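For reference, the structure is listed below as structure tokens.
Counting starts at 1 for both ligands and their atoms, in listed order. As the structure is a computational prediction, the values presented were derived from the model and not from experiment. We number each residue from 1, following the sequence as shown.
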Amino acid sequence: MTRKPLAFIRTFGCQMNQRDTETIRGLLLEAGYGFTEHAEDADLVLFNTCCVRENPERKVYGQVGQLKEVKAGKPGMVIGICGCMPQQKEELTQMLERLPHVDLFFGTHNIHRLPGLLHKIYATGERIVEIWDEGGEPTEGLPALRESRFKAWVTIMYGCNNFCSYCIVPYVRGRERSRSPQDILREVEELADRGIKEITLLGQNVNSYGQDLKSELDFADLLEELNQVRGIRRIRFTTSHPKDISDKLILQLAQLDKVCEHLHLPVQAGSNDVLRRMNRGYSRERYLQLVERVRQHVPDISLTSDIMVGFPGETEADFADTLSLVEEVEYDSAFTFIYSPRKGTPAAKMPDQVPEEAKKERIYRLIDLQNRISLKRNQELVGHELEVLVEGTSKNDTQLLTGKTRTAKTVLFPGTEDLVGQLVNVGIREAQTWSLTGEIV
Ligand code: SAH
Ligand code: SF4
Ligand code: F3S
């Protein structure tokens with residue numbers, strides 16, 4: 001090949017996966033690849049997959065299937081599947097059978113091996129499958145081609161030890177492994193030097209950061225260290241497991257000036273019986289107490305959640321408990337999910353799976369309630385002046401800029417493109433369910 005080979009990557013799933021894709025792009029750039037937005041033009045097509053629910057899995061089969069013909073007319077094309085799906089043995093067997101035109105399978109623990117695996121494919125022309133069951137020590141020093149010039153994701157820990165009974169993540173991401181505080185600090189300092197203003201610390205359960213390390217440092221201490229990095233203006237983190245939030249962390253939330261007033265605190269369900277069978281490790285009452293304590297210390301905090309309907313055995317009364325909890329907490333917004341049975345998890349084998357119809361009806365009711373609350377919470381901000389990090393121009397109206405408040409709300413306002421990447425103060429004039437509109441003050 002005389003011209004630069006082109007790569008196309010499609011990413012599914014959570015921010016962890018999106019961050020992994022940035023590493024993959026970094027590795028490919030070093031290996032001499034360019035990038036394209038069109039799979040048909042690419043020499044290498046990668047699908048970084050998610051298996052947390054059935055839907056994203058089905059999409060992968062569909063989209064990879066569509067490439068079969070494209071590849072037939074383009075013999076040199078290499079197609080690869082990575083991420084969480086191939087980490088499941090049965091799913092991998094199925095993909096190997098059903099997707100014969102896929103040349104490469106690798107997993108979540110051996111991303112750094114990609115250049116070598118590609119080399120092997122080009123050298124031998126053979127299909128390569130390399131999946132590792134466990135991650136071992138986090139691999140440091142990998143390149144990354146980041147999406148944004150002014151905000152960045154920083155993975156602080158990999159894996160999950162919680163084994164919520166519905167969830168596949170611990171099986172495909174392995175046990176909790178924290179990066180060393182020195183490595184994280186170095187990365188954040190480098191990001192700050194390059195002009196990054198906002199960082200989001202990533203982990204399936206950031207509150208248990210450091211428990212696997214020899215040092216005494218915990219997540220609250222890490223925040224304190226990162227708060228001192230010059231140039232960084234905002235620090236976010238996700239996800240917090242309610243069972244592991246310490247009082248020390250709540251105090252840091254209130255005290256550290258760069259740590260944003262936003263807590264994503266997935267509740268999943270409002271019924272104690274369901275929470276117990278989900279193996280979440282907290283009760284409704286403990287969760288509500290936690291919310292109260294957080295609000296006592298940080299009154300203007302924005303709270304968001306993940307909520308699931310249709311967990312096995314969920315009765316109408318259980319679901320009513322979820323609705324009443326949502327009403328009591330008044331989340332700023334929430335991701336809502338229909339329970340999707342995952343092979344190999346305890347919940348998939350539980351009796352009394354909820355019929356599809358009932359699940360749908362419940363999620364509509366839940367979304368309806370949450371939308372009303374989101375609008376109400378946003379309306380409370382009309383007349384306030386909020387700091388916004390300008391992220392770009394609005395997709396629907398290029399006269400408008402779009403950005404995020406410290407509380408993670410989207411704000412639209414008139415302005416010029418040179419403000420992108422800057423922090424500005426915006427007076428809020430109007431509220432919608434999913435956004436605010438205003439004017440720079
Ligand atoms: N570690 C994070 C969430 C990771 S998965 C946490 O504990 O909060 C993101 C969300 O997907 C979960 O919060 C849950 O609401 C949802 N989810 C996970 N497994 C699911 C399943 N089998 N069916 C439906 N939703 C699921
Ligand atoms: Fe899944 Fe629970 Fe771990 Fe979150 S904490 S990734 S929901 S097992
Ligand atoms: Fe999906 Fe894997 Fe994230 S299963 S939600 S991409 S950890």
Which atoms from ligand 3 have a heavy atom of [X] less than 4.0 Å away?
X	result
Gln204	7 (S)
Cys50	1 (Fe), 4 (S), 5 (S), 6 (S)
Cys84	2 (Fe), 4 (S), 6 (S), 7 (S)
Asn17	6 (S)

Salt bridge check, [Y] against [X]: does any charged N sit closer than 4.0 Å to a carboxylate O?
X	Y	answer
Arg342	Glu57	yes
Glu387	Arg234	yes
Arg146	Glu187	yes
Asp103	Lys71	yes
Glu198	Arg233	no
Glu356	Lys360	no
Lys248	Asp221	yes
Glu361	Arg365	yes
Asp257	Arg406	no
Glu391	Lys151	yes
Arg179	Glu140	yes
Glu380	Arg377	yes

Residues, nucleotides or ligands: over 12 heavy atoms within 6.0 Å of Lys243 NZ:
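Yes - once you tally the heavy atoms of other residues, nucleotides and ligands closer than 6.0 Å, there are more than 12.
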Is the number of heavy atoms from other residues, nucleotides or ligands within 6.0 Å of OH (Tyr61) greater than 12?
yes
For ligand 2, does [X] get within less than 4.0 Å through its side chain, its backbone, both, or neither, judged by non-hydrogen atoms?
X	value
Pro266	neither
Gln268	neither
Tyr166	side chain

As an exercise, identify every atom of ligand 2 less than 4.0 angstrom from a heavy atom of [X].
X	value
Pro170	8 (S)
Phe163	8 (S)
His241	5 (S)
Val169	6 (S)

Do the rings of Phe337 and Phe335 sit parallel, tilted or perpendicular, given the 30° and 60° boundaries?
parallel
For [atom], closest protein heavy-atom neighbour:
atom	result
atom 1 (Fe) of ligand 2	Cys167 SG, 2.3 Å
atom 24 (C) of ligand 1	Ile338 O, 3.3 Å
atom 4 (S) of ligand 3	Cys51 N, 3.3 Å
atom 5 (S) of ligand 2	Asn162 ND2, 3.4 Å
atom 3 (C) of ligand 1	Gln204 OE1, 4.0 Å
atom 15 (O) of ligand 1	Gln268 OE1, 2.7 Å
atom 9 (C) of ligand 1	Asp306 OD2, 3.7 Å
atom 8 (S) of ligand 2	Cys164 N, 3.3 Å
atom 16 (C) of ligand 1	Arg53 NH1, 3.3 Å
atom 23 (N) of ligand 1	Ser340 N, 2.9 Å

Heavy-atom distances under 4.0 Å decide this one: backbone, side chain, both or neither, for Arg280 against ligand 1?
side chain
Can you tell me if, anywhere in Cys160, an N/O/S atom lies at a distance from atom 2 (Fe) of ligand 2 that is smaller than 2.8 Å?
no
Between atom CD of Gln379 and atom OG1 of Thr433, what is the distance when rounded to the nearest 0.5 Å?
8.5 Å
Are any of the heavy atoms in Gln15 under 4.0 Å away from ligand 3?
no
Does at least one non-hydrogen atom of Met16 fall below 4.0 angstrom from an atom of ligand 3?
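In this structure, Met16 fails to qualify as a contact of ligand 3 - no heavy atom is under 4.0 Å.
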Close-contact set for ligand 1 against [X] heavy atoms, below 4.0 Å:
X	answer
Pro266	8 (O)
Phe337	10 (C), 11 (O), 15 (O), 16 (C), 25 (N)
Met308	14 (C), 15 (O), 17 (N), 25 (N), 26 (C)

Looking only at distance, does [X] have an N or O less than 3.5 Å from an N or O of ligand 1?
X	value
Tyr166	yes
Arg342	no
Thr239	no
Tyr339	no

Decide whether a cation-pi geometry holds between Arg113 and Phe106; the criteria are a distance under 6.0 Å from NZ or CZ to the six-membered ring centre and an angle within 45° of the ring axis.
no
Would Val78 and Asp43 count as a side-chain contact (heavy atoms from CB on, under 4.5 Å) if you check the C-alpha gap in whole Å, the side-chain angles of each, and the deciding distance to 0.1 Å?
CA-CA 6 Å; Val78 169; Asp43 303 288; over 6 Å; no
Determine, step by step, whether Leu263 and Ser240 satisfy the side-chain contact (heavy atoms from CB on, under 4.5 Å) criterion, reporting the C-alpha distance in whole Å, the side-chain angles of both residues, the deciding distance to 0.1 Å, and the verdict.
CA-CA 8 Å; Leu263 190 60; Ser240 296; 3.7 Å; yes
N/O/S atom of Cys14 inside 2.8 Å of atom 3 (Fe) of ligand 3, strictly under:
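It does; at least one qualifying atom falls short of 2.8 Å.
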Assess Arg280 for proximity to ligand 2: is some non-hydrogen atom of it under 4.0 Å away?
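Arg280 counts as a contact of ligand 2 under the 4.0 Å cut-off.
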Derivation and outcome, salt bridge (Lys or Arg N to Asp or Glu O under 4.0 Å), residues Glu314 and Arg362
CA-CA 11 Å; Glu314 183 188 72; Arg362 283 177 196 170; 2.9 Å; yes
Any non-hydrogen atom of Val52 lying under 4.0 Å from ligand 1?
yes
